[in-house]
Structures are given as C-alpha cells and as structure tokens.
Amino acid sequence: MANKKLLLIDGNSVAFRAFFALHNALSKFTNQDGLHTNAIYGFNKMLDHILEIVQPTDALVAFDAGKTTFRTEMFDDYKGGRSKTPPELSEQMPYLRELLKGYGIKTYELANYEADDIIGTLSKQAEDAGYTVTVVTGDRDLTQLSSDKTTVSVTVKGVSEVEHYTPQHVQEKLGLKPAQIVDMKGLAGDTSDNYPGVTKVGEKTAIKLLQQYGTVEGVYAHLDDMKASKLKEHLIEDKDKAFLSKKLATINREAPIEVQLADVHYSGKNITTLVDFYERMNFQSFLKQMRASEGFEDKQEVKTITYEELTEKNLATLQTLKGPVSFYLELPDKNYHLSEFAGFGIGQKGTWFVSRNVDLLTSKTLKAFFTEKTHEVNVFDLKRTYVGLNRLGISFITGKNDILLQSYLLDTNDNSNDLGALAHRHGFLDIKTDEEVYGTGVKRQIPDDNEAFFKHLAAKLRAIEELVPQLQAELKENEQVDLYETIELPLALVLAKMEIAGIRVDTDRLEQMQSEFTERLSEIEQTIYNEAGETFNIKSTKQLGKILFEKLGLPSSKKTKTGYSTAVSVLEGLRGQAPIIDNILTYRQISKIQSTYVKGLLKVVHSTDQKVHTTYLQTLTQTGRLSSIDPNLQNIPIRLEEGRKIRQAFVPSHEKAKIFSSDYSQIELRVLAHITGDKNLQEAFKNDEDIHASTAVRIFGLKDASEVTPNIRRQAKAVNFGIVYGISDYGLSQNIGISRKQAKAFIDTYFQEFPGVKAYIDRIVASARDKGYVETIAHRRRYLPDINSSNHNQRSFAERTAMNTPIQGSAADIIKIAMIRMQKELETRNLETKMLLQVHDELIFEVPDEELSEIQELVPSVMDSAIKLDVPLKVESAFGKNWYDAK
DNA sequence: CTCCTCACG
DNA sequence: ACGTACGTGAGGAGG
C-alpha cells in the first residue's frame, strides 16, 4: 500500500471559521429560498484548495455529535459560556453534509466524543498502517497530533488559506514538541473552551516552564526546586486544575469509533449531484468552474432526447398531437420587441418538433392546429411569446400554463428568466441553461450546429411539460390558483398588448430640449469652474468631493464607503455657505434630465413608428408590482417643473386623440385602513377627509382641520408614509428634519390614535415569524427568512418588509385586476382607446376624441370597483394633448 | 462590474 | 449597541 494519503477534516470547526470569515457578506450569500450559504461557500473553497494540495486517497469529515461529551462529564462547564451557534450557521449544517456527499467524502460523528477525538483516533490508526495524514481544522489545539507522518493544517484569516503544522513548525512557533501542547493547555487553560489552568499563567509562562521541566508532571515533580514566588504559590494552589485541564486538552486517540480506515476511500466528485447542489445554493462561480472543468459535458447526464425537424413537408404530422402541448419561441435578445427569431418548438410526450424557420408558424396548418380549442398550450414566459408571435402577425395562440409566472408566484425570488435554471430549482435536471448552450456576453450566440440547438429546444419543451403538473399542484397547495388564473395569466396578455401599442414620442420636442439644455449646462459649467478656480468633472463625486471639502474647505458631514458623500441631502445643508452649491445642484438636475430622459429616450424610440415600446417585468419585484425597462416609463419626471416638461414629448399617435390618465388616490393608505381594520383610519376615508390633515389633527391634538398649517400637514404626511414603510424614529427624523426624540413621540401618539394599525403591525410580524412568509389580499406571497435572524439589522429589515409588503402588494393586486377588466371593457365595447402605461397607481391611455366622454366615465368606474374594500377607493382623472397636460 | 446618485410610486 | 425608512431602473465614473 504505497502512498496512502488520508485527509481528515474537523467539520464544525472549519464551518465555524468559514462562517465568520464571510460574516460581513452574510446577506450576499443567500440562495433562492433565503438560506444562508456563506459557511457552505467558504467550506467549499477550503475543500478545493486542500484537495488540490493533498491529493488524498482517503478522506473523512468528522463532526461533533452534540453538546455533552466525556469531557463535560469530567468538567460540567467545559465549553460553557460559549454563545449559541448562530441560527444562520446551524441552518447550513445539513447542506454542508450534502456538499460533502457531492464531493464523495464520508462524514462521521460519534455520541459523547468530539470531532477531535475521531480525528485523533483515525489518524493514529492511519499512521500505524503507514499512511500520510493531513488534518484540517480551525483549532490550533489539534496541532498536538502533528508528527512525522501527520501534518495539521490550521485555517488562517479566511478559510482557503491554511498554515501547515509539522513538528518542526510547532517547535518554531511555540518552542515546544507537539506532545507538549496539552501540557501548555494544562498550565495556561483555554478561555474559548472555558477551562481554567493555573492562575496568572498564560501561554508565555507555560512555555517557559515546559521548556525547563518538559511536562505538567515534570513541573510538579520539581516544585521544590523553585524559589518562593507568586508563581509557585499559584502552581501549588491550582495543581488539580492543571491536571484536569491537561486531561481536557488531550485528544482521545482510542475513541470507540465504528468507522474504519477501509471505509473512507476517496473516489472523487459526483458531478451531477454537485451541479444540482450548486444550482440550489445559487453558487454561480462554482457552476462555472464545473462547466470549465474537463469531462463535464460527458458526465452531465442530461437524458438523451429525440426531436424531429419540422419542415413544410411534414407539417401535417402535427395532427398526431392530441391534448396539451408545450410551445416555445426562441427570441434570444433580452429585448423581444427587436430580437431576431432563432426558431421554435412544439410537442408533447416525447414527440418534439423543432425548427429554425419561424415562417412555418404562419402556415394554414399551424393556424388550424392552434385554433382547435382542444389544445392547451403551455409555455415559459407567455408575454414574451405573445409579443414575438404578434410580430409574425399571429394572434391565435393563448397560453394556459406559463411556468415562469407560476414559479414566480410560488416564490418571488424564483424569477430568473432562464428556463433551465428555473427547471433545476424545481428539481428537473435534464436541461442545460441558455448560458451553457448559447454562451455569455459577446460570445453569446445561437449554435450553428442544428443538433445542439434543436436538442436544447426540445429539452425546453420537455421541461415545460414536466413542470406544469408539479407547479400547478404547488399553487393549489398555496391557495394561489386564483391569483394565477384570474390575475397574472390574463395580465400577461394585457401587458403584451400595452407594450405592443407603445407610446408615441415627439422627437422634435426632445431635440429642441436637448439643445436648450446643452447651452444651459455649458453656462453653469463655466460658472462652477470659475467658483472652483479650476476645471474638473462635476459628474465625478470623487473629484467634486475633493473640490468642495478639501479645496474650498466646506464642512463634510456624511461619508460613503469610498469617500465624501455629495448627495442632494448633503449639498442642501451647505446651501448659502458658497454659491457653488446652488450651481452644482442645478447642474445635477439638468444633466440628469438631459442624459437619462432626453438623450436616453431618443436612443430607444423605434424608427419605424416613432414610438417607445417598454418591456414590463411581471416576475421581478418582491411585492408584486411591475417594473419597466428599456425604457423605464415608470420614472418619468413629475416633481420638478424642469423635468416635468419631458412629459410634453409623450403624445397621442393619432391626431384628434388625447392622453388620458387616471390614478388611485392614496391607495396604499386605503389598503392599510382595510387590512388593519382601524376604525379611525377607516372613518377618515369613509368621510372622504384629507387624510394627511386628519392624521395631523390626531397626532398634534388639534381641534379640527382648520388648525392644520401646511407645515404640520407635511409632517403628518411623512408619518403616514413612515407607517406604510415600516416606521423607525430615525428614518422619520431624517425625513422631516426633526430630532429623533420628537419623531418617536409622533410615532407613539400615532399608535395611540390608530390602535388598529399598531395591532396589525404586531400581528403581521408575529405571523411572519410563525409562517415564514406574508401575503397580500390576493394571496401573493413573500418569504422572509431573515425574520428570525439573530442579526439585528437583517431582522429589523425583515420586520419592516413584513408590514410593507401586504400593503404595497395588495395595492398592486388591485390595479392589476383593474387593468384586466379595463382591457376587457375596451375590447367588448370595440373602442379604439388603447391602454398604454401603468405607473403603480396610475393608468395612462390614448383616447380618440370621440371616445373621451365614455372613457372619462368608464375608467374611474372600473378602477374603483376592481375590489371591494372596507373603505372606498377614489380615482382621479385628467386628460390633455400630451402627458404633461394630462394633469 | 460596483458604487453613487437620482428619477418615479 | 446596532444603523435604518418600502419598491424600482438608468447613467456615469472609476477600478
């Protein structure tokens, strides 16, 4: 048995080290389900490193079995006073074992013994059998095991770096032989394991004594030779402690382990298990590493799949498909309004038809196929599919199950736009991700090779078919079938139609603004340079900070990670101290409008129709709101007049039409009144009071609304917002510039005046702790794993989210319902009016003049009756020749 | 690619 | 003693 190499790892100790090494990045290391993964990640790094160096033939990871061991029997306070293992670490332990399974490394634990003893016992057996042994641990005590055959590698700083202790290295570091470590511990004790040693004797003194007398026994044998001293007194006094501590420090090398050397052969990683594991842990870097490693393609056991290429000649074969089919249209670019068409696939139960030729979709055969009502069509991303087909002139396919939508509803974190990744997370592994097949970045490309491309298309069809019943069952389990069927699925088509309609942009107006702003900017720029006494990049916070706080010597208050903060809130505090400040604020404001809105918008206007076509992300936010990208039409300026003018560029696409806008008034506070059931809040809405004014009357103890000044109303408004966001005294004080104490007083009074709200907050946080998630009115769900975190910040954040999500999310539910009904009304009434935009609590339409009176009636009535709450919903409308005038 | 800043609800 | 409002997207700077 030449060259047997055994690797022994102290699992708990390394996990502990890994956890704390990556502790400040704790929140970054979470997977789709909110599980913390930093210790697993660190452990993995360490494993890769050590396996590379050691190249073991045998390996085992030992774990502690529990709190009580033979050592606690000897000394009950052994390891006493240690703080509990953080829950964020404990939750990772079972997964650590899974990781090790993937690595093909055996794990072992033994009741009443620590991992150290297992390692000590096995290493002794291995040494006797002629093995070379490497021990990995985060605990220096284990260096007592080092010998000419055993190296003890102790993690330093991070986890992937280790320090190798050979007997020589122990000698150099401590001036002791490995066997003397236990004597040192006996004399000096160990604070982390909480055993005492001799009073006033620390490592230094212990080493000196041992260099002279060899062992604890040696020290006491020569006690009489010592001169009288405090040290000698302490040694005499604490003799029992010294011997007990030595015993506690000594690793048991004869533990009754059942595992044998022959059982721990290391045969290497199981690629498939590890890939699955990494997917679930969301370890992208390790996945990438695996993909790059040799032989991965062969080992990844994607079940072979057969497909048939669809051509004009065999189109008729489609008739053999009966019942539900999977359909997939490949639009490789993120922006599907402009993407090329790469191909499509359709099929069921192992019969998969694929093609690069999307023109086949417009054939009579396919049209006939889809218009037969017998086919349920299942897809991934219905909105994308609908928009793509629409571009081909096809409008007859309606989806029944959209696994992207379903998966998002089940868990809002599960919103990746990759079918393969989604499938993996739901345990279906016979598919690769787009990145694996198409590549990434500039190299991303649909393969020229038919086989590779078609197989991937077929795998997607198969994944859809496999996942549909599973996801349906999970939705049912969560009582979310209604949410899916009556809200999200129909909404996907409504959104698709809005995106397709697009909104017309007056590019002449934008170009005119562009030249005006260019001129103004260069003027302000010159003034700023004069005031600064030099030219610099005003847009660079780094350079600006230097000018303001170093050269001009203005007082700096806030700092960011990388330097001085120059945010508006900071600059406003400096107003009046130097004229440059006002100019910088103006410059910032104008240049934001110029770059993001004027230039930004001009860049994305489609040359074919002079319109912008946004893309709504329906499966992104944690609350159920939509988001809008490319361009984002949900953050067009309105608060400041300068920016608001941008809205003049959004115009109807036909003459004799208007832009019409309706918005919900105070929808979030109304939802709050409904959900909390607070009588006072409900009363205010039922009486159609000015809600901020009535809040002001209550929290400032005024006689009536006549006493409310604008400033008081502003403060009350901030309190109302604070309540919706999950209030903190600090946040409120910052927002309205009052002391923290005052802010706290406001909040306390608010809770007295609106006791139902206080009760709701307590109730929802408790329920989140209990269930692990919160829900909206329509059963939209958000998981909050941090609600029980031991980290104050994370827990507080989760608590605020627990309060806010049902409010923001229910408001999102409501407007979504309104949108679906609105679209239906427009279609059944055969109106030309088009719904164009949704901005969270507002809907924007383009209305032909002759439909204006009908729409003015219809939209508010549909919106305020979308759902029945305990308080009325209020809708306000306006119209004009452009979006700016619709106010 | 991350940070800062700032636009919206 | 912590270090904060909730939810987003885009542009520019600088490593």
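Just so we're on the same page: letters track the sequence lines, and every chain starts at 1.
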Please report, rounded to the nearest Å, how far the P atom of B:dA7 is from the CG atom of A:Leu640.
7 Å
Without decimals, in angstroms, what is the distance between A:Phe650 CZ and B:dA7 C1'?
12 Å
My understanding is that only one of A:Leu873, A:Asp841, A:Thr776, A:Asp864 makes a side chain to side chain contact (heavy atoms under 4.5 Å, CB included) with A:Ile814; could you say which?
A:Leu873
Would you say A:Arg588 places a side-chain N or O within less than 4.0 Å of OP1 or OP2 belonging to B:dC6?
yes
Nucleotide nearest A:Lys603 when distance is taken to its side chain, options C:dA5, C:dG11, C:dG7
C:dG11
Go ahead and write out DNA chain C as dot-bracket, 5' to 3': ( ) for pairs within the strand, [ ] for ones crossing earlier pairs, | when the partner sits on another strand, dots for unpaired; Watson-Crick or G-U wobble, both distances under 3.5 Å.
.....|||||||||.
With respect to the side chain of A:Gln808, which nucleotide from C:dG9, C:dT4, C:dC6 is positioned closest?
C:dC6
May I ask you to evaluate whether A:Ser627 reaches the phosphate of C:dG9, defined as a side-chain N or O under 4.0 Å from OP1 or OP2?
yes
B:dG9 OP1/OP2 closer than 4.0 Å to side-chain N/O of A:Arg639:
yes
Nearest to side-chain heavy atoms of A:Thr566, which nucleotide of B:dC6, B:dT5, C:dG14
B:dT5
Do A:Lys561 and B:dC3 have a side chain to base donor-acceptor pair shorter than 3.5 Å?
no
Kindly point out which of C:dC6, B:dA7, B:dT5 is positioned nearest to the side chain of A:Gln589?
B:dA7
Is it the case that A:Tyr438 and A:Arg444 place a side-chain donor and acceptor less than 3.5 Å from each other?
no
Under 3.5 Å, is there a donor-acceptor pair between the A:Gln634 and A:Ser627 side chains?
no
Backbone N or O of A:Phe19 within a donor-acceptor pair of the A:Asn38 side chain at under 3.5 Å?
yes
Check the side chains of A:Thr586 and A:Arg520 for a donor-acceptor pair under 3.5 angstrom, ignoring hydrogens and angles.
no
With nearest nucleotides of DNA chain C determined for A:Asn804 and A:His792 from heavy-atom distances, which residue corresponds to the more 5′ nucleotide?
A:His792
Partner set under side-chain contact (heavy atoms from CB on, under 4.5 Å) for A:Arg769, not counting sequence neighbours
A:Val765, A:Ile787, A:Asn788, A:Glu799
Test item: side-chain donor near acceptor, A:Lys383 and A:Tyr336, under 3.5 Å:
yes
Atom C1', compared across B:dC6 and C:dG3: separation rounded to whole Å:
22 Å
Which nucleotide in the list C:dG7, C:dG9, B:dT5 gets nearest to the side chain of A:Ile629?
C:dG9
